[in-house]
Protein chains: 2
Amino acid sequence: MTKNTAETINHEDFLFINDSLVEIFDKILRIEERELRKSRFKDITINELHLVHAITLHEQKTTSAVAHELHLSKGSLTSSVNMLVKRGYVERIRNQQDRRVINLTLTSKGRLLYRAHDAFHRQLVKSFLIGMDENDMPLIKRALTNLQNFVDEATNH
Amino acid sequence: MTKNTAETINHEDFLFINDSLVEIFDKILRIEERELRKSRFKDITINELHLVHAITLHEQKTTSAVAHELHLSKGSLTSSVNMLVKRGYVERIRNQQDRRVINLTLTSKGRLLYRAHDAFHRQLVKSFLIGMDENDMPLIKRALTNLQNFVDEATNH
DNA sequence: AGCAATTAGTTCGATATTCAAACTAATTGG
DNA sequence: CCAATTAGTTTGAATATCGAACTAATTGCT
C-alpha cells in the first residue's frame with residue numbers, strides 16, 4: 001500500500017461511501033419488511049423475523065441468552081416470544097436439567113421462515129460480489145474487517 | 001476479472017461477509033445510541049437524531065417532505081417534531097408563499113448535533129479505509145455500487 | 001438437611017412510537 | 001366565489017419496550 005487514503009480521503013469519496021452505507025442499511029430493512037408482506041409469512045414483523053433469526057436452527061438457546069443477544073429486557077422477550085408461539089413459529093421447551101430454564105426452538109414453520117430470510121441474505125451477499133474475482137476478496141474482507149474493528153472498539157470502549 | 005466469485009462463492013466467504021454486514025449495522029446503531037448518551041445531547045434518541053439528520057443543515061424542507069423521506073406518517077412526524085422543538089433542536093417556520101406549509105430548520109443547537117453526528121460518520125468511513133490506497137478505491141466503490149443496485153432493484157420492483 | 005440468596009422467566013403498569021382517520025386552515029381551479 | 005385539494009395537527013387505538021414486583025426452581029452455606 002503506497003498511501004493511506006484514510007488520512008487524505010476527499011470529500012466526494014467520503015460522501016459516496018457514507019451515503020452508500022446509510023442508504024443500503026436503510027433500504028435493506030424496508031426490503032426485508034416488504035418481502036415479508038409478499039411472502040407466506042404475513043403475520044410476522046421485521047423485529048419478529050430477527051427474533052426468529054436469533055433463535056437459530058440448531059441451538060436451543062435460553063430466553064435470557066436471546067434477550068441478551070438482542071439487547072432486550074426479559075419482559076420484552078417474553079411477550080414477543082408469546083406472539084411467535086401463538087403464531088406457530090417458536091416452541092418453548094422446559095429444560096429438564098434445570099427446570100427454571102426455558103429453551104427456545106423453531107417449529108418447522110419457524111425453520112421455513114429462517115431459511116427464507118437466509119436466502120435473502122445470500123442474494124444480498126451475492127450481489128455485493130458481482131463482477132469480482134477471488135483476487136479481489138482479500139481487499140473486500142479487509143474493508144469489512146476494518147469496519148468490524150472500528151465498531152468493536154467503539155462498542156467496547 | 002477472470003472469474004465471478006458471485007456464482008461460486010464458498011460458504012465461509014458468504015458467512016464472513018454476511019455476518020460482518022449484519023453485525024456492523026447492528027452495532028453502529030448501538031454505538032450511535034451510546035455516543036448520544038455520553039454527549040451533551042442526552043435528551044435525544046437515535047430516531048430523533050436521524051430526524052435531525054433528515055432535516056439537514058441548509059435546506060428548509062417541508063414537514064411532508066421529511067415524513068416521506070423517513071417513511072413516517074404526517075401524524076408521527078408532527079409529534080416527533082414537537083419533541084425536537086420543545087427541546088430546542090428544531091424550529092418551525094411558516095412558509096409565507098403558501099401559508100399551509102411549514103418549513104423545518106435546525107436551531108444552532110440542532111446544527112451542533114448534526115455536526116457531531118456527521119463527525120462520527122466521518123470516523124466510521126475513515127476506519128473503513130484504513131490501510132488502503134487510492135488504487136483500492138475503485139473496487140470498494142464497485143462493491144458498494146453493487147449493493148446499492150441490488151437494494152434499489154429490490155426496492156423498486 | 002434446611003433455609004437464605006440467587007437465578008430464570010413471567011406479569012404488570014407506565015411510557016414511547018406509530019398509524020389512520022377526522023379535523024382545521026390555506027390554496028387552487030373552474 | 002365556492003368546491004376540491006393540500007399541508008399539517010389532533011385524536012384514539014395498537015404495539016413495543018422497560019423496569020419492578022412476582023413465582024418457581026436451584027444453589028450455597030452452615
Does any non-hydrogen side-chain atom of [Y] lie less than 4.5 Å from one of [X]?
X         : Y         : result
Asp13(B)  : Lys141(A) : yes
Asn103(A) : Thr63(A)  : no
Lys27(A)  : Asp152(B) : yes

Ignoring hydrogens and geometry, is there a side-chain-to-backbone donor-acceptor pair from Asn146(A) to Phe128(B) under 3.5 Å? yes

Is it the case that the side chain of Thr107(A) and the backbone of Gly88(A) share a donor-acceptor pair, with hydrogens and angles ignored and the cut-off at 3.5 Å? yes

Taking N or O atoms only and anything under 3.5 Å, show me the protein contacts with nucleotides 11-17 of chain C, one pair per line.
none

Proximity to DNA chain C (any heavy atom under 4.0 Å), residues of residues 50-61 of chain B only: none

Length of the [atom1]-[atom2] vector between [X] and [N], whole Å:
X         : N       : atom1 : atom2 : result
Leu84(A)  : dA16(D) : CG    : P     : 10 Å
Asn103(A) : dT7(C)  : CG    : C1'   : 15 Å
Ile46(B)  : dT17(D) : CD1   : P     : 15 Å

Paired to dT11(C) by Watson-Crick or G-U wobble criteria (both distances under 3.5 Å) is dA20(D)

Give one of base, sugar-phosphate or nothing for Ser73(A), where a contact means two heavy atoms less than 4.0 Å apart. base

Hey, does His71(A) reach any base, or is it just sugar-phosphate, or nothing, if we go heavy atoms under 4.0 Å? sugar-phosphate

Residue pairs fulfilling ring-ring contact (aromatic ring centres under 6.0 Å, His included) with at least one residue in residues 25-46 of chain B, sequence neighbours excluded: Phe25(A)-Phe25(B)

Scan nucleotides 24-30 of chain C nucleotide by nucleotide, 5' to 3', and note B when protein non-hydrogen atoms come under 4.0 Å of the base, S if they reach only the sugar-phosphate, - if neither. --BS---

Suppose we screen for side-chain contact (heavy atoms from CB on, under 4.5 Å). Which residues come up paired with Lys74(A), at least two apart in sequence or across chains? Ser64(A)

Partner residues of Arg122(B) under the side-chain contact (heavy atoms from CB on, under 4.5 Å) criterion, sequence neighbours left out: His11(A), Phe14(A), Asp118(B)

Which residues satisfy the salt bridge (Lys or Arg N to Asp or Glu O under 4.0 Å) test with [X], sequence neighbours excluded?
X         : value
Arg100(A) : Asp98(A)
Glu35(A)  : Lys38(A)
Asp19(B)  : none

Inter- and intrachain pairs under salt bridge (charged side-chain N to carboxylate O under 4.0 Å, His left out), touching residues 49-70 of chain B, at least two apart: Lys61(B)-Glu69(B)

Is Thr63(B) close enough to dG8(D) that one of its side-chain N or O atoms is under 4.0 Å from OP1 or OP2 there? yes

To the nearest 10 degrees, the angle between the two end axes of the helix from dT17(C)-dA14(D) to dG30(C)-dC1(D) (five pairs per end) comes to 10°

Return a table of donor-acceptor pairs under 3.5 angstrom between the side chains of residues 109-117 of chain B and protein atoms on other chains or two or more places apart.
residue   : atom : partner   : partner atom : Å
Lys109(B) : NZ   : Arg87(B)  : O            : 2.8
Arg111(B) : NH1  : Leu106(B) : O            : 3.1
His117(B) : NE2  : Glu32(B)  : OE2          : 3.0
His117(B) : NE2  : His121(B) : NE2          : 3.1

